[in-house]
Every structure is written in C-alpha cells, then in structure tokens.
Amino acid sequence: MEETQASDEADPRTTRLLDRRKQLTDALAASPYDPILYLQRAAVYSHLAYPDLAAGDAYRALLLTDEAQNESFEYHEQARESLEEYSVTLVPDVLRHGALVEDADAAIADRHGAQHGLEPYSVLATLASARCLQVLSLSLLLCGSLKSAYTFCERGLAVVPGNQDLLETKGYIETVARQRLSLGPAEDINVNHLPDRGVVRREVYPWNTHEPDRFCEETLSFLNKNLEAVAPKCSVRVSTLPVLLEGESVTDSYEIIPTCRQLGLFAKEDIGPGEIVLQEYTLLTANNRLKESTCDACGSALPPLEADSQAVSCPDCYDTVFCDAFCFTQAQEKYHPAVCETDVDSIAKDPDARDIDQSLYLLLLSRLLAMSVHQDIHPLDFKEIKYIWGDFVPTKTNDIDLSPNAGPPPEWTLPFSFKYNIELPLHVMEKMDIDIFATLPEHDVWVFNTAYAKFRGTASARQNPRDGRPDLAAVHPYWCLANHDCNPNVSWEWGGKMELRAREKRVLGGVADGIKAGDEILNHYCDVELSVQQRREWAQGSLGGWCMCKRCRDESGESTKHEINRTTKRVVSEED
Ligand SMILES: C[S@@+](CC[C@H](N)C(=O)[O-])C[C@H]1O[C@@H](n2cnc3c(N)ncnc32)[C@H](O)[C@@H]1O
C-alpha cells in the first residue's frame with residue numbers, strides 16, 4: 001500500500017484530495033482493470049493540478065474500455081466484469097459530465113437503433129470511452145501536448161458528435177495552437193504542424209516514498225561505500241553551489257552571490273596530474289540507432305567481426321550483440337531476459353531530428369524498466385537512479401493558486417509529450433509482456449516522470465562521429481555527482497567505462513600539479529574552449545541555467561568592460 005506524505009503546510013482541500021488519491025490507488029491495486037476507478041483518479045489529479053497524471057489515468061481507462069468492447073482482447077473478461085459492477089441507470093458520477101450521458105445515449109441509438117439490446121457493460125464502455133477522450137483532450141492541452149490533445153478531441157467527437165465540452169476544448173486547442181504557431185484567425189491549422197511538446201511539474205510527488213534524503217548521514221555513507229570501488233581517492237560530500245540564473249544578470253561582479261546545497265565529489269587524498277580519478281561501468285545505456293554496431297550493454301563500439309572476435313551474441317535473439325563475455329553475463333544477470341525476443345528493440349529507433357533527446361530518454365527508461373522487471377525491484381529503488389539529482393522543484397512552487405488574487409501561474413520545468421511520457425512507455429511494457437494494469441505501482445506515469453527528471457539532470461550523450469547526431473546516452477550514477485566548472489580539474493572520456501582523469505593542464509593557469517585532498521572534483525558538461533557567452537548558452541541546456549562559475553563571472557566582467565570601453569571610445573570619437 002502507498003503512503004502519502006502530505007506536507008505540514010498542505011491546505012485542507014489538498015489534503016482531502018491526496019487522501020482520495022490514496023484510496024483510489026489502493027482500490028486500483030485490488031481492481032486493476034476497472035476503467036471507472038482510473039477515471040475517478042484522473043479527476044482527482046485534475047483537481048490537484050497534475051494534468052499529465054490525469055491524462056495517464058484517462059489513457060489507461062480508455063485502453064480498458066477498448067478491452068471491454070473487444071472479445072478477442074487480452075483483458076476483455078476482466079474489463080467487462082469490472083464494468084458489470086456498475087449500473088447503467090445509476091451511472092457513476094465521474095461519467096456525468098455536462099450532457100455526456102444524453103449525448104452518448106443518442107449516439108448509441110443512432111448507431112444501433114433505440115432498442116439496441118446492447119449489454120449494459122457495453123453501453124457503459126462507450127460512455128466511459130467518451131469521458132476518457134474528454135479528459136485526455138483537456139489535460140493534454142494543459143500540458144502543451146497540442147497535437148495529441150487535438151487527435152483525442154476529434155476521436156471524442158466521433159464517439160459523441162456535437163458534444164459541447166469536446167467542442168469547447170477543440171476551440172481552446174485551436175486558440176492555443178494559433179498563438180504557438182503565430183497563425184491569424186482565418187488561417188487553417190494543419191494538425192501535423194501542431195506542437196506536441198510541453199512542460200509539466202518536476203517534483204518529488206507528495207506520495208513518492210522512494211526518494212531518499214540526499215544529505216542525510218545514511219545516504220552519504222551508502223554512496224561513499226559504493227564510491228570506494230569506482231573512485232577510491234574521492235568522497236561524496238555536500239557542496240555549496242551558485243544558484244543558476246535564467247539569463248544575464250548584474251550579479252556577475254558581486255562578491256557574494258546566492259548559493260544552494262547539493263552534492264559533489266571531492267578528493268580525499270592528493271591525486272597526481274594525469275591520474276585516473278574515477279572509472280565507472282553502467283548498464284543504464286541507450287542507443288537510438290536500429291542498426292549500429294555497439295554493445296547492447298555498455299554502449300561501446302563492437303570489435304570487428306573476425307575469427308577471434310570477443311563479441312558475444314545472445315543465443316536466443318541473435319541480433320543482440322555484446323562486446324565481450326563480461327557484458328553478456330552482466331546483461332543476462334541484470335536485464336536482458338526481460339527483453340529477449342520481444343521486439344522492444346525496434347521502439348524509438350532512428351527518430352526524427354526533433355525527437356532525438358526524447359528517444360534517448362525513453363530508451364534509458366526502457367532499460368531501467370527491463371532491469372526492474374528482471375530483478376523484481378521497483379524502478380525508483382535501483383541504486384543506479386535512487387540517489388541521483390533530479391532538479392526537482394518544491395511541490396508548493398508548482399501548485400496552482402486558485403485564489404482570486406493569484407499571481408501568474410507557476411513555470412513547470414519537466415519536458416512532456418503524450419507520446420514519450422505515456423504512450424511509448426506503456427507500449428514498451430506491453431511488448432515486454434507486462435500487464436500494464438496489474439503493475440500500476442511500478443509503472444504509473446509519475447514513476448516514469450520521476451525517472452525522466454533524473455535522466456534529464458544527469459545523463460551524458462555521445463554524438464555519432466559520422467553525422468554528429470547524438471545516438472548514445474548513459475547514466476553513470478557516481479560520475480554524475482561531479483559538478484561543472486568552466487576551469488575543470490578533470491577531463492572525461494566515455495568508452496566501455498566512464499573515466500575521469502586529473503588534468504595535466506588547466507584551461508586557466510596552465511600546467512596543473514594535480515588535485516589536492518579536500519578539493520572539489522570539477523567536471524565539465526560543455527566545451528570549455530568556447531567563449532563565455534557560448535559556454536553560458538550551452539550550459540543553460542546541460543546545466544539547467546546560466547553558469548556562474550568563477551571563470552564565467554570573471555570573463556563576463558571582462559567582456560562587459562571591453563564593451564563599455566568600446567562604447568565609450570565610439571561615443572568619444574562620434575563627439576569628436
Ligand atoms: C549532474 S548534477 C551534478 C551533481 C549534483 N550537484 C548533485 O547534487 O547530485 C548537475 C546539477 O548540478 C548543479 N550544478 C553542477 N555544476 C554547477 C555549477 N557550476 N553551478 C551551479 N550548479 C551546478 C546543477 O543544478 C545541475 O543541474
């Protein structure tokens with residue numbers, strides 16, 4: 001059973017809704033094929049302002065209404081029996097929305113005649129599917145996933161033509177689409193041009209009990225124990241970092257700037273120049289090319305196919321190749337049997353250029369899910385992701401203020417699309433032959449979102465040297481504890497393992513004499529040869545904001561001084 005940690009300051013309405021969410025989650029554990037329960041939980045999520053989670057539940061409910069309507073579907077019996085628990089004359093409240101019941105009755109009479117003789121569960125399934133499509137279209141609109149919102153809205157109107165709620169939602173989608181596509185009121189909207197990416201809340205959900213206190217003694221000693229094998233001369237400690245800014249600021253020249261507490265890697269003994277600081281192997285890897293000769297486990301290039309090649313193929317699905325016997329054994333022990341001969345491998349491969357990042361994160365999620373299913377561990381309890389940085393924002397900051405004097409709405413920060421956050425993760429599960437209804441606690445949309453937030457804060461990607469497109473990604477849980485600095489004291493290389501090495505030469509200050517005990521390990525997430533302006537723009541993507549390291553602040557001060565001098569000279573010469 002799930003525990004919910006309502007914060008001390010939660011208002012009574014939120015507390016009530018969170019309690020109701022818990023009751024419905026428990027009810028779903030007992031009746032996982034009941035679309036009405038999913039719709040009821042979707043309504044709670046809508047009231048709590050989690051439209052992405054509402055869409056996730058409405059989508060599962062929609063799939064169940066399809067199951068109920070089709071005798072040949074896998075969960076037909078279960079979905080049908082669940083609906084038979086409800087009365088078609090005393091329709092559940094969640095289906096009574098505006099004129100939906102009347103519209104659905106009229107649509108059924110139109111299609112099958114007034115004396116249709118359909119079984120009550122089938123009538124309820126039609127009504128419930130129309131409600132799912134209403135919830136999906138409105139919720140996805142609120143998440144900014146306009147194309148999917150529009151598609152579900154049209155599907156809804158095909159079920160209940162003329163339904164006022166759906167027509168209104170369609171109008172809202174078109175208004176937002178015109179704004180986002182800069183179209184005039186008379187211009188046609190091409191559905192294929194509608195944006196499908198938006199943002200949702202990035203937070204430790206109030207009911208997420210998997211998230212550790214990253215600063216407590218227990219966490220730090222766990223991390224340090226494991227770090228011994230990966231980086232014996234380092235320790236994990238709390239680090240004080242500048243607060244990242246969204247853009248240019250006057251604080252570059254300030255003596256004191258705002259800081260926050262995070263984790264970082266520190267040398268616990270002196271490390272010589274050129275010495276290896278960290279070496280880390282991970283199975284949390286992803287490759288978005290369908291035909292690419294990389295090891296399925298570690299992502300390194302496969303050795304050439306020769307008689308004495310070390311490469312090993314899986315004996316059951318011959319297409320899956322590992323660079324050597326070690327990777328083969330690791331894969332067999334940790335994840336591969338969950339995806340062997342399942343065709344999961346073809347999902348999200350060779351994506352459009354605009355979907356590259358999402359495809360890599362989805363493939364990382366797929367690997368995590370395979371590890372979780374094979375090892376029977378909750379996805380969020382894997383040590384590979386449990387302790388890593390997720391760039392979460394406090395729940396309170398994400399809440400929508402319903403009061404009449406409310407300020408502007410909060411800016412949510414987790415990238416979202418219906419396809420990558422809901423549809424494809426569930427599709428991956430189905431291909432793995434996992435029951436996506438009965439395993440809700442492990443495969444709920446909030447679990448996927450939490451994993452995505454962590455991947456986005458920590459994964460490294462590698463570009464294919466042939467065309468420069470990122471096609472490999474990995475999460476190295478210890479490597480990613482090292483913070484960024486534009487004058488790094490280490491350099492990194494990712495082959496079969498991720499390696500950090502102490503620099504022999506620093507970008508500033510020339511020849512380096514190693515890293516002293518107590519110094520922080522300063523990694524780099526962007527190309528440190530770039531100008532301060534370029535580095536800061538790049539860091540905005542990879543770091544999460546404008547870099548405020550000493551080098552950036554000094555160089556930005558210098559470039560401002562040059563700019564002032566140039567302008568002054570220009571003004572003076574113009575006056576001359
Ligand atoms: C890969 S994590 C680094 C480890 C992280 N500090 C932790 O607690 O696990 C990346 C995040 O660390 C923070 N960070 C890393 N380097 C930073 C820097 N130079 N200035 C400010 N924040 C930094 C940013 O919040 C960034 O999104």
Side-chain angles (χ1 to χ4, degrees), residues 202-204 211-216 219-220 222-224 226-227 230-231 234-247 249 251-252 254 256-266 277-278 280 282 284 361 364 383-394 397 413-415 450-461 473-490 492 494 498 500 507-508 519-528 530 532 535-556:
R202 186 171 189 160
E203 67 184 41
V204 179
E211 205 56 30
D213 170 356
R214 298 179 77 234
F215 301 126
C216 76
T219 298
L220 291 176
F222 173 85
L223 289 173
N224 278 313
N226 285 287
L227 188 70
V230 179
C234 293
S235 65
V236 183
R237 283 183 10 209
V238 175
S239 173
T240 303
L241 293 169
V243 171
L244 295 168
L245 301 178
E246 279 176 21
S249 126
T251 58
D252 276 338
Y254 288 10
I256 299 171
I257 52 171
T259 54
C260 60
R261 257 164 39 114
Q262 291 189 20
L263 298 184
L265 274 189
F266 292 78
V277 175
L278 167 147
E280 190 176 9
T282 185
L284 213 40
Y361 293 124
L364 285 173
K383 66 179 189 333
E384 283 82 352
I385 76 154
K386 192 173 176 83
Y387 299 95
I388 63 178
W389 168 249
D391 208 359
F392 297 119
V393 169
T397 317
T413 52
L414 181 66
T450 303
Y452 273 142
K454 294 189 171 206
F455 296 156
R456 284 188 176 270
T458 57
S460 50
V475 173
H476 293 88
Y478 291 95
W479 173 83
C480 77
L481 288 169
N483 291 308
H484 166 92
D485 197 285
C486 291
N487 185 23
N489 54 17
V490 289
W492 62 275
W494 173 27
M498 179 63 94
L500 278 181
V507 181
L508 300 180
D519 283 356
E520 179 158 4
I521 305 297
L522 303 173
N523 199 357
H524 59 101
Y525 309 160
C526 67
D527 180 353
V528 285
L530 297 173
V532 58
R535 289 199 311 272
R536 282 183 149 183
E537 275 164 16
W538 192 351
Q540 190 128 28
S542 55
L543 195 63
W546 214 240
C547 183
M548 293 294 286
C549 75
K550 175 139 179 18
R551 180 178 164 210
C552 278
R553 294 171 63 211
D554 287 351
E555 289 181 7
S556 141

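Remember, it's 1-based here, ligands and their atoms both numbered in the order they're listed. For the numbers below, each heavy atom of this structure counts, side chains included, while hydrogens, waters and symmetry mates do not. Worth saying up front: this structure is predicted, and the values here are computed from it rather than measured.
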Self-check item: Any G264 heavy atom less than 4.0 Å from ligand 1
Solution: no
Quiz prompt | L278 CG to Y478 OH distance, which is reported to the nearest 0.5 Å | solution = 10.5 Å
Quiz item: What protein heavy atom is closest to atom 20 (N) of ligand 1, reported as residue, atom name and distance in Å?
Solution: P242 CD, 3.7 Å
Quiz item: Backbone or side chain, does any N or O of N483 fall under 3.5 Å from an N or O of ligand 1?
Solution: yes
Quiz item: Should you measure from each heavy atom of L481, which atoms of ligand 1 turn up under 4.0 Å away?
Solution: 4 (C), 9 (O)
Quiz item: Does ligand 1 have an atom under 4.0 Å from some heavy atom of Y387?
Solution: no
Quiz item: Who's the nearest protein heavy-atom neighbour of atom 5 (C) of ligand 1, and how far?
Solution: Q262 OE1, 3.4 Å
Practice problem: Please list, chain by chain and in numerical order, all residues satisfying side-chain hydrogen bond (donor to acceptor under 3.5 Å, both in side chains) with E211, sequence neighbours excluded. | Solution: K454
Quiz item: Is any N or O atom of D485, backbone or side chain, closer than 3.5 Å to an N or O atom of ligand 1?
Solution: no
Quiz item: Taking the six-membered ring for Trp, are H484 and Y525 parallel (under 30°), tilted (30 to 60°) or perpendicular (over 60°)?
Solution: tilted
Quiz item: Do any nitrogen or oxygen atoms of W389 come within less than 3.5 Å of a nitrogen or oxygen of ligand 1?
Solution: yes
Quiz item: Distance from R536 atom CZ to C486 atom SG, nearest 0.5 Å?
Solution: 8.5 Å
Quiz item: How would you list, by chain and number, every residue that makes a side-chain hydrogen bond (donor to acceptor under 3.5 Å, both in side chains) with Q262, sequence neighbours excluded?
Solution: none
Quiz item: Backbone N or O of V475 within a donor-acceptor pair of the T282 side chain at under 3.5 Å?
Solution: yes
Quiz prompt | Short side-chain to backbone donor-acceptor contact, N489 and L522, under 3.5 Å | solution = yes
Quiz item: What part of L263, side chain, backbone, both or neither, has a heavy atom within less than 4.0 angstrom of ligand 1?
Solution: both
Exercise. Report the part of M548 (side chain from C-beta onward, or backbone N, CA, C, O) that has a heavy atom under 4.0 Å from ligand 1; answer both or neither where that applies.
Key: neither
Practice problem: Verify, without hydrogens or angle tests, whether R551 (side chain) and N487 (backbone) share a donor-acceptor contact under 3.5 angstrom. | Solution: no
Self-check item: Identity and separation of the nearest protein heavy atom to atom 26 (C) of ligand 1
Solution: L543 O, 3.3 Å
Practice problem: Look only at interatomic distance and state if C549 has a nitrogen or oxygen under 3.5 Å from any nitrogen or oxygen of ligand 1. | Solution: no
Quiz item: To the nearest 0.1 Å, how far is atom 7 (C) of ligand 1 from its closest protein heavy atom, and which atom is that?
Solution: R214 NH2, 3.3 Å
Quiz item: What is the nearest protein non-hydrogen atom to atom 23 (C) of ligand 1, stated with its residue, atom name and distance?
Solution: L241 CD1, 3.7 Å
Self-check item: Rounded distance (nearest 0.5 Å) linking atom CH2 of W479 with atom CG of N523
Solution: 5.5 Å
Self-check item: Shortest protein heavy-atom distance from atom 1 (C) of ligand 1, along with the residue and atom involved
Solution: C480 O, 3.0 Å
Quiz item: For L263, does its backbone N or O pair with a side-chain atom of N483 as donor and acceptor, under 3.5 Å?
Solution: yes
Exercise. Starting from atom 19 (N) of ligand 1, locate the nearest protein heavy atom and write down its residue, its atom name and how far away it is, to 0.1 Å.
Key: H484 O, 2.7 Å
